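Here's the structure we're looking at; comments come further down.
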Amino acid sequence: MENLVALFGTFYMQYILYLLLADVVLGIIGAIITKEFRFGKLAGFMKWPVLSYIFGFAVIEMVGQALPMLALLVPAVFVLIIISLLASILRNLHKMGLPLPGAFKG
C-alpha cells in the first residue's frame, strides 16, 4: 500500500492531477457558457481521459522503476501528457471566448 501512495504522490503525478482538475473545471465552465453541458459527456470524460492519464502514467512510472534502462520514458511521457493537457485547457479557454493565435486553435 505504501508503494501505491508513493507512486501517486510523485511530483509528476501531482502536476498531472492539478492540470486535470483545471481542465475539467474549465471544460465544465466552457460547456455551460456554450450551452453544450451534458452530464453524460462529463461522465464519459471522467471515465476515459482522466483515468487513462492517471493510471497510464502510473504504469509508466512502475515500468521506469522496474527497468532502469527505460527510466527516461517517465519524463518524456510526462512532457507529452502536460502538452496534451495544456492544449485541452487552451481549447476550453477558447470556448469561453479567449482569443487565441491560429497556431493554438485546434
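This one's a predicted model, so the numbers in the text were calculated from it and none came from an experiment.
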Residue pairs meeting side-chain hydrogen bond (donor to acceptor under 3.5 Å, both in side chains), one or both in residues 76-89, sequence neighbours left out, come to Asp23-Ser88, Tyr53-Ser84

| query | Given the rule that I, L, V, M, F, W and Y join up when any side-chain heavy atoms are under 4.5 Å apart, are Leu51 and Leu21 in one cluster? | reply | yes

Here the pair of heavy atoms bringing Leu85 nearest to Leu19 is CD1-CB, 3.8 Å

Query raised in the report: Are Met96 and Leu26 side-chain neighbours, meaning at least one heavy-atom pair lies under 4.5 Å?
Result: yes

Quick note, side-chain hydrogen bond (donor to acceptor under 3.5 Å, both in side chains) partners involving residues 55-67, not counting sequence neighbours, are Thr10-Glu61

Scanning both residues in full, the closest heavy-atom pair of Phe57 with Val74 reads CE1-O, 3.6 Å

Phe55 meets the ring-ring contact (aromatic ring centres under 6.0 Å, His included) criterion, sequence neighbours left out, with none

The side-chain contact (heavy atoms from CB on, under 4.5 Å) partners of Ala58 (sequence neighbours excluded) come to Leu7, Phe8, Met13

Taken to the nearest 0.5 Å, the spacing of Ile60 CD1 from Leu80 CG works out to 10.0 Å

Hits for side-chain contact (heavy atoms from CB on, under 4.5 Å) against Val79, two or more places apart or cross-chain, chain-then-number order -> Ile83

Residues at least two apart in sequence or cross-chain that pass ring-ring contact (aromatic ring centres under 6.0 Å, His included) with Tyr18, listed by chain then number, are none

Across all chains, not counting sequence neighbours, the side-chain contact (heavy atoms from CB on, under 4.5 Å) partners of Leu70 are Val63, Leu67, Leu73

With sequence neighbours left out, the residues meeting side chain to side chain donor-acceptor pair (under 3.5 Å) with Tyr12 are none

Check your understanding: Linking I/L/V/M/F/W/Y whenever their side-chain heavy atoms sit closer than 4.5 Å, directly or via other members, would Met69 and Val77 fall into one cluster?
Key -> yes

Ile89 and Ala22 have their tightest heavy-atom pair at CD1-CB, 4.0 Å

Residues passing the side chain to side chain donor-acceptor pair (under 3.5 Å) test with Thr34, sequence neighbours excluded, are none

